[in-house]
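Below: one structure, written as C-alpha cells.
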Amino acid sequence: MLYTPEHAPRLLTEEQEEQVHTYAMRILEEIGLDVLHEEARQLLEKAGQKVEGERVYFDRGFVMEQLAKAPHTFTLHARNPDNTTEVGGGTTLWMGVGGPPFLSDLDEGRRAGTLEGHDTIIKLTQAASPLNCAQTGACEPTKMDVNTRHLDMEYSTLRWSDLPYTTYGTSGPKARDGIEMARIVHGGDLGDRTALMGVVNSVSPLIWDFRMVDAMIAWADSNQATVVTPFLLGGATAAVSVAGGLAQQVAEALSGVALAQTVRPGSPCLYGSFFQATDMRSGAPALGTPESIFGVFAGAQLARRYGLPFRGGGGLCSSNAVDAQAAAESSFMLWATMLAGTDVVLHAAGWLEGGLTASLEKFALDVELLEQLQVQQRGIGFSEEEFAFEALKELGPGGLWLAAQHTMDHFREWQYISPLFITQDFTTWSAAGGEETAARANRRWKKLLEAYEDPGIDPDVDAELIAFMDRRKSEPPPDDDN
C-alpha cells in the first residue's frame, strides 16, 4: 500500500529533527509561554513548573514525562458503533470543511453561512464515501445568536450524521455543552469513552488564552480528545523560516499536551500542525505553498517522534474561486496529507478563500481528488485474473482489448472512472455545450446530496437533545463565554 506512515518520506534528517527538538525545549525553558488561565497556571505550578505572573516556564523533563502519559492511539466512539474507529491505528479520518462564516455555490453565490448550509455540508459528508468523520461548524450560521448557535451546529452534526466527529468548542462553556450532548447521544453516561475530538489553537507566538485552555481542561477532564494545533503563519505568527516555525510549533504543541496530561493523565491528545506562509504582499495566509507542504511532512514526522496521532493537511487553498489555483493548491495539500500518513484531516473538502468560505462545488472537487487518492492508496492487484494471461492467449497478437470479454467483465472494478472529470475530445465537448468543471461540480454535489441516507436517531434521544438545547438557550450566557 502507498500512503502509510511506514512509507512516509522523511523531510528532516535525524540531526535536523534533533535540532528542532532542542530549540523547542529551549523555547519552553528559557522564553516560556503566557498561560492566561489562573487554574491552569496553578496546576502547572503545583506540578513543579516555574510561574512568574502569567508566564510559565516549562521544564523539558516535565514536558517529556507528561507526553509519555498520552496514548499513542485511542478509540473514538461514534453513535453508530459500526463507525467507531481507532485514531492513530492506520485509518485516516477525513472530514469536510469547518469554520467558514460564508457559504457559496453557483446557484446562490457567496452569502452568509446558515444553519441550513451547515446541515447540507454534514449530509454531504455523510454521503461522500471518502469522508468518514464529520466536523461541527461546517459553516457558521452568522445571523444566529453567537452565544447559542454552537448548540444548533452540534445538533446538526449529531442528527444528520452517525460518523465520529469533531466538536465545536471555542470556549470552556461551549466545550462542556458539546460533552453533555455527546453524553445524551451515548445513553447518558460516557464513562471513560472518548466520543468527540476538540481543537485548541494556541495564540501564536507562545500564548495560551483563557478560552482555549478552558476548553482543553473540559475535554481532558472528561477523557475527550484534544487536537493541540498551533496556528502558524510564517512571517506573521511564527518566524519566516521553516526551521524556526517548526521549533515554535513543537514548543506550543507539547506545552498544550503537557497541560492536558496534568489535568488528566492518559487523556487522548493529537499533535496538530497548521503551518502556512504569509503573503508579504498582502499579509494574507498563503496556503498550498511549498511551506505548507513542508509543514505537513515535518509535522507528521515530529508527531511520530513524540508518539502522538497527527492532525494536519487538508484540501486547503487561498484561491477565492473554484479555479485552477484552487485545484493546484488543494491537490498539492491533499497529496502531501495522504503521503505523510496523516491520522486526522480537518478541512479535507469544501475549503475556499483561505477558509472564509465553504464552497459546495469545491466540496465536490475535493471529494473527487480524495476518491482518486484512496484508489492509489489501495494499490494494484496481482491475482491470476488480473495478469490476464488466458485472456491474452485467447485474444492473440493484434487483438483488440476493447472488445475482449475480460475487459467487459472487469473494467468497472479495475479502472477508476471519474464521475466528475471528462475525457471527451474538444469537438464532442463543445457540441454538448462546453460545460466547464465548476458546472459539473455543481451537479455532482446535488447528486451526492440526493444520495444522502438519513441515519435516523432514537426519538427519545432526539427529544432529550432538543430539551437540553432549549434549556441552555433560556439561560444567560456564562461570563467567560461572551
Side-chain angles (χ1 to χ4, degrees), residues 1-11 73 82-95 127-133 163 293 296-297 300-301 304 310 313-315 327-328 330-345 348-349 364-429 432 437 440-441 443-444 447-448 451 453:
M1 288 179 65
L2 297 172
Y3 312 135
T4 64
E6 294 77 16
H7 293 104
R10 291 179 61 88
L11 177 65
T73 66
D82 291 340
N83 294 325
T84 292
T85 189
E86 191 76 7
V87 178
T91 299
T92 302
L93 288 180
W94 301 92
M95 60 196 87
S129 59
L131 303 178
N132 55 359
C133 191
L163 298 171
I293 306 306
V296 174
F297 285 129
Q301 186 174 336
R304 287 191 288 273
F310 175 59
S330 296
S331 296
F332 288 145
M333 288 297 297
L334 287 174
W335 169 81
T337 303
M338 184 78 81
L339 191 59
T342 307
D343 297 298
V344 171
V345 188
L365 287 166
D366 289 334
V367 166
E368 167 72 22
L369 292 174
L370 286 170
E371 285 177 345
Q372 295 204 34
L373 285 167
Q374 290 177 7
V375 169
Q376 294 173 30
Q377 185 178 32
R378 291 196 294 269
I380 58 178
F382 288 91
S383 67
E384 185 173 345
E385 185 71 4
E386 283 164 290
F387 275 108
F389 179 82
E390 293 300 326
L392 180 59
K393 184 178 179 180
E394 180 180 336
L395 195 63
L400 182 63
W401 276 107
L402 192 60
Q405 188 60 45
H406 184 274
T407 303
M408 296 298 104
D409 290 342
H410 298 299
F411 77 91
R412 290 183 179 86
E413 177 186 4
W414 293 340
Q415 275 195 350
Y416 181 80
I417 301 175
S418 172
L420 185 57
F421 299 158
I422 60 171
T423 57
Q424 298 166 323
D425 63 84
F426 179 84
T427 302
T428 304
W429 169 75
T437 306
R440 295 196 300 275
R443 279 207 316 276
R444 177 60 178 158
K447 188 173 182 179
L448 191 61
E453 295 181 6

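What's counted below: heavy atoms across the whole structure, side chains too, no hydrogens, waters or symmetry copies. All residue numbers in this chain count up from 1 along the given sequence.
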From CD (E368) to CG (L420), nearest 0.5 Å
5.0 Å
Residues at least two apart in sequence or cross-chain that pass side chain to side chain donor-acceptor pair (under 3.5 Å) with D425, listed by chain then number, are T428
Heavy-atom closest contact (P9 atom, F297 atom, distance)
CG-CE2, 3.5 Å
I'd like to know whether CD of E453 has more than 12 heavy-atom contacts from other residues, nucleotides or ligands below 6.0 angstrom.
no
Inter-residue atom distance E86.CD - T91.OG1, 0.5 Å rounding:
9.0 Å
Is it true that a side-chain atom of T85 and a backbone atom of V87 form a donor plus acceptor pair closer than 3.5 Å?
no
Is the ring pair W414/H406 parallel, tilted or perpendicular, if the boundaries are 30 and 60 degrees?
tilted
One should read off an interatomic distance between D366 CG and M333 CE, to the nearest 0.5 angstrom, of 11.0 Å
Donor-acceptor pair, side chain of T337 and main chain of G314, under 3.5 angstrom
yes
Closest heavy-atom pair and its distance - A364, A441
CB-O, 3.6 Å
For residues T73 and G89, report the shortest heavy-atom separation together with the two atoms involved.
CG2-N, 4.1 Å
Return yes if a side-chain donor-acceptor contact under 3.5 Å exists between Q376 and Q372, otherwise no.
no
Nearest heavy-atom approach of G315 to L334 is N-CD2, 3.5 Å
What closest approach, in Å, do A8 and A340 show between heavy atoms, and which atom pair accounts for it?
CB-O, 3.6 Å
Nearest-0.5 Å distance, CD of residue E6 to CZ of residue R304:
8.5 Å
Taken in chain and number order and not counting sequence neighbours, the residues that satisfy side chain to side chain donor-acceptor pair (under 3.5 Å) with E371 are Y416
Can I get a per-line list of side-chain donor-acceptor pairs under 3.5 Å for residues 384-398, giving both atom names and the distance, sequence neighbours left out?
unit_1, atom_1, unit_2, atom_2, d
E385, OE2, H410, NE2, 2.8
E386, OE1, S383, N, 3.1
E386, OE1, S383, OG, 2.7

Between F421 and L365, is a side-chain contact (heavy atoms from CB on, under 4.5 Å) present by the stated rule, with each step listed?
CA-CA 9 Å; F421 299 158; L365 287 166; 3.9 Å; yes
Q377 side-chain N/O to M338 backbone N/O, donor-acceptor pair under 3.5 Å
no
The side-chain contact (heavy atoms from CB on, under 4.5 Å) partner of M95 among L131, V344, N132 is V344
Do you know the tightest heavy-atom contact between S331 and L369?
OG-CD1, 3.7 Å
